[in-house]
Amino acid sequence: MSNQPSSEPFRADPVWDDDDDLFADERTTAFPPDSLVTFRFLRDAIRRHARVWIVLAIVGLAAGLAMPTLLPAASVSSARILLTHRDGDDPARAMATDVSLVTTHTVAQRVIDRLKLPETPDDLLKAYTVTALTDRVLEISVGAETSDEATRLATVLAQTYLTFRREQVAQQEVPLRRDQVVATTLVAEAEAAARVAGENLKDPKDPNSPEMSKLNIARDRLTYIQQQIIDQEVAASRMNSSRMLDEAAPVPTSAKRTLVISAGTGLIGGLFIGLGFVVVRALLSDKLWKRQDIAQSLGSRVRLSVGRPPRLRWWPFPSYLRKSQQQHPEVRLMVQHLDQRIYWGKVPTPALAVVSVDDVPACALAVASLALSVAQEGRHVLVADLSGTGQLADLLGVKTVGTHESRFSEAGTRLDVFLPERDSGPTEGCYLRLGDNNRPLDTGDIALDAAWDVADLVLTLATLTPALGADHLGTWASRAAVVVTSGRSTATKIHATGEMLRLAGLQIDTTVVLRADHTDEGVGVAEAEAGSTRTGDIEMFGR
C-alpha cells in the first residue's frame with residue numbers, strides 16, 4: 001500500500017451558491033440545527049455528569065444532617081391571650097388590630113425597658129411572631145437561645161400588651177370626660193340666665209322662652225354625654241376582662257422530625273444546585289462530547305473509542321513504563337488499533353504520527369507501549385517525542401536531549417528515542433526527504449540520521465498549535481492518528497488540528513476518542529466520508 005500523502009484533503013468543503021446565498025451542501029438529518037436544546041440533550045448532560053450532582057446531593061444531605069448540631073435552632077416559647085372586644089365590633093378586624101398592636105415599636109420598646117435588653121425594637125420584633133388562632137385567642141411565639149429566656153420574654157410580652165391595651169381603652173374615655181365638663185358648664189350658665197329672667201326652674205312660667213330652650217338643650221346634651229360615658233365604662237370593663245389564657249411555656253419539638261426536615265432540605269438543595277450546575281454548564285460549554293460532532297469537526301472518521309488509560313504514578317514506582325500499564329485494557333486496545341494503522345514498506349521507512357489534541361499523558365502511554373511491543377518483535381523502532389513535555393521519552397527511560405537508546409533496549413530489542421530541546425522550535429525529520437539512491441537526506445543531527453537509517457519504524461508523538469502549524473510534522477510521517485478526549489476540546493480546536501494536518505500534507509488515517517461518552521449512540525463518521533460512501537453505493541447498485 002502506498003505511503004504517499006493524499007493530494008486531496010479528507011473533507012468536503014461546502015460549495016457557496018451565489019444565487020441564493022446558501023450552502024449547496026446542506027447538512028443531513030444526522031446533524032440537528034446548531035444551538036438546539038432538546039430534552040434528550042439535557043438528559044444526556046445529566047447522565048454524563050451524574051457524578052457531579054450526586055456528590056453535591058450527598059454534600060447537601062451531610063450538611064443538612066450536621067445543621068442541627070452546628071447551628072441549633074432557637075428555643076421557642078409561646079403564650080396565649082384571651083381577648084374580649086367591644087359589642088358590635090367585627091371580630092376579624094378587631095383581632096387584626098390586636099395583632100398589629102402587639103408588633104408595634106411601642107410595645108417592643110416597653111419590653112426592652114422592662115427587661116433592660118441590649119436590643120433595638122426592630123431586633124426584638126424579629127424574635128417573636130403573633131398569630132390569631134381564633135376570634136378571641138391570640139398566640140405570641142418567641143424564639144431565643146434558651147428555653148428560659150424565651151419563656152420569660154413571651155410572658156413579659158403578653159403582660160406588657162395587656163397593660164398597653166387597657167391604657168388604650170382608658171384613653172377612649174378621656175374625650176368624653178372633657179365633653180362632660182364643657183356640657184356641665186353650659187347647663188350651669190343656662191340655669192343662671194333663666195333665674196335672671198325670673199323663671200322658676202322647677203315650674204317655669206313660660207317653658208318655651210329662649211332661656212328655658214337653651215337650658216333644655218344644655219341638659220339634653222349633658223344627659224347624652226353621661227350616657228356615652230356609662231356605655232364606655234361598660235365596654236371598658238368588658239375589654240379589661242382580657243387575660244392570660246395559657247402561661248408562657250416552651251413549645252415541644254421532635255428531634256427526629258427536625259433532623260428529617262433538615263436532612264431533606266439539604267438533600268433537595270444539594271440536588272437542585274448540582275442539577276442546575278450541570279444544566280447551565282452544558283448550555284454554556286462549547287466542548288464536544290459526541291463522536292459524530294468530533295468526526296465532523298475533524299473531518300475524519302472515529303475508528304476507536306476507549307476509556308481513559310491510567311495516568312497516575314504513585315511513589316515509589318518509577319516514572320518509566322511499567323508492565324501493568326502495558327497490560328491495561330484501554331492501552332492494549334489503543335496499541336492494537338495503532339499497530340493496524342502502520343503500513344509496512346521498504347521506501348520510505350514506515351512512519352506514523354500520533355497527534356494529541358488534549359491528553360498527552362494518555363497518548364504517551366499508548367505510543368510507548370506500541371514502540372516497545374514492536375521492538376520486542378525484533379524490529380528497530382525510532383520514537384520521536386515532539387509533544388514538548390518529554391513524557392514519552394520519560395516513559396522509555398530517556399531524560400536527556402538528543403537521540404539515545406531506550407532503557408528497554410537489549411539483545412534483539414532496539415529502541416531509540418529522540419528528544420528535542422524545549423525551546424528549539426519545530427524539529428524536522430527525514431521522512432520523504434529523499435536524495436540519491438532513495439536515501440533520506442541528512443537533518444544535521446548525526447545520531448538522529450544514523451538511527452533513522454537503520455530504523456524499521458518511526459513513531460512520533462506531537463502536539464500542534466496554530467502558531468507553529470504542522471509543516472514540520474510532514475517531515476516525520478505522511479499519516480497521522482489523532483487522539484481526542486470527549487468533552488475536553490472545543491470544536492474550533494479540533495477543526496484547527498485537522499486543518500493543520502491537511503495543510504501539512506498529512507492524511508488523518510484514524511481518530512481515537514478517549515473517555516467516550518456513555519450516552520453517545522453515534523458512529524462517528526464525517527459527513528464527507530458518509531457522502532462518498534452513499535455515492536459509491538449508488539454507483540454500485542446502479543441507482
Side-chain angles (χ1 to χ4, degrees), residues 73-182 224-253:
S75 300
V76 179
S77 295
S78 64
R80 294 183 179 181
I81 305 174
L82 180 64
L83 299 177
T84 304
H85 301 101
R86 194 187 301 270
D87 290 338
D89 288 349
D90 182 14
R93 287 192 174 185
M95 285 299 293
T97 301
D98 286 312
V99 171
S100 299
L101 290 175
V102 180
T103 56
T104 57
H105 283 76
T106 302
V107 175
Q109 187 61 52
R110 290 190 179 187
V111 174
I112 291 174
D113 295 339
R114 183 174 174 180
L115 297 177
K116 297 181 180 180
L117 300 176
E119 301 176 0
T120 63
D122 290 330
D123 296 334
L124 182 59
L125 289 174
K126 296 177 182 178
Y128 69 89
T129 58
V130 183
T131 307
L133 300 180
T134 67
D135 293 341
R136 293 190 60 191
V137 179
L138 194 70
E139 183 180 59
I140 301 176
S141 300
V142 182
E145 294 182 0
T146 62
S147 298
D148 294 340
E149 184 178 352
T151 301
R152 181 167 63 97
L153 189 56
T155 301
V156 174
L157 265 171
Q159 295 173 351
T160 302
Y161 176 66
L162 289 175
T163 303
F164 176 76
R165 191 170 185 266
R166 294 189 186 99
E167 292 176 359
Q168 299 306 310
V169 171
Q171 289 293 330
Q172 296 179 3
E173 191 178 340
V174 173
L176 294 177
R177 293 294 182 182
R178 189 182 301 113
D179 292 342
Q180 183 184 22
V181 173
V182 175
Y224 175 75
I225 294 175
Q226 289 175 344
Q227 184 61 44
Q228 283 188 319
I229 292 175
I230 293 173
D231 294 341
Q232 178 63 30
E233 289 177 347
V234 173
S237 176
R238 176 182 175 83
M239 296 180 69
N240 289 335
S241 64
S242 301
R243 66 186 185 278
M244 187 89 74
L245 183 63
D246 289 336
E247 296 294 334
V251 177
T253 57

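The structure presented is a predicted model; accordingly, all values stated were derived computationally and were not measured. Numbers for residues simply follow the sequence, beginning at 1.
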Run the numbers on Asp98 and His85 for side-chain hydrogen bond (donor to acceptor under 3.5 Å, both in side chains), then give the verdict.
CA-CA 10 Å; Asp98 286 312; His85 301 101; 2.8 Å; yes
Applying side-chain contact (heavy atoms from CB on, under 4.5 Å) to Leu125 and His105, what does each step give before you reach the verdict?
CA-CA 8 Å; Leu125 289 174; His105 283 76; 4.0 Å; yes
Could you give me the CA-CA distance, side-chain angles and deciding distance for Arg152 and Leu115, then say whether side-chain contact (heavy atoms from CB on, under 4.5 Å) is met?
CA-CA 9 Å; Arg152 181 167 63 97; Leu115 297 177; 3.3 Å; yes
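By the 6.0 Å contact criterion, CZ on Arg243 is open, its count of non-hydrogen atoms from other residues, nucleotides or ligands being 12 or less.
Contact between Ala144 and Ala150 at its shortest, heavy atoms only, is CB-N, 3.6 Å. Of all heavy-atom pairs spanning Ala132 and Val99, the tightest one is CB-CG2, 4.2 Å. The shortest heavy-atom contact between Thr84 and Arg165 is O-NH2, 2.8 Å. Looking at every heavy atom in both residues, Met95 comes nearest to Val137 through CE-O, 3.5 Å. The shortest heavy-atom contact between Leu176 and Ile225 is O-CG2, 3.6 Å.
Looking at residues two or more places apart in sequence or on another chain, you find a side-chain contact (heavy atoms from CB on, under 4.5 Å) between Ala79 and Ala154, Ala158, Met244, Ala248. For Thr120, the side-chain contact (heavy atoms from CB on, under 4.5 Å) test picks out Asp122, Asp123, with sequence neighbours left out.
A distance-only check finds no donor-acceptor pair linking the side chain of Thr131 to the backbone of Leu133 [under 3.5 Å]. Judged purely by atom type and a 3.5 angstrom limit, Thr151 has no side-chain atom pairing as donor or acceptor with the backbone of Ala249. Looking only at distances, no side-chain donor or acceptor of Thr160 sits under 3.5 Å from a matching main-chain atom of Leu157. Between the side chain of Arg80 and the backbone N or O of Leu138, no donor-acceptor pair lies under 3.5 Å.
When side chains are defined from C-beta on, Val142 does not count as touching Ser77, because their heavy atoms never get closer than 4.5 Å. Residues Tyr128 and Leu153 fail the side-chain proximity criterion, which asks for heavy atoms closer than 4.5 Å.
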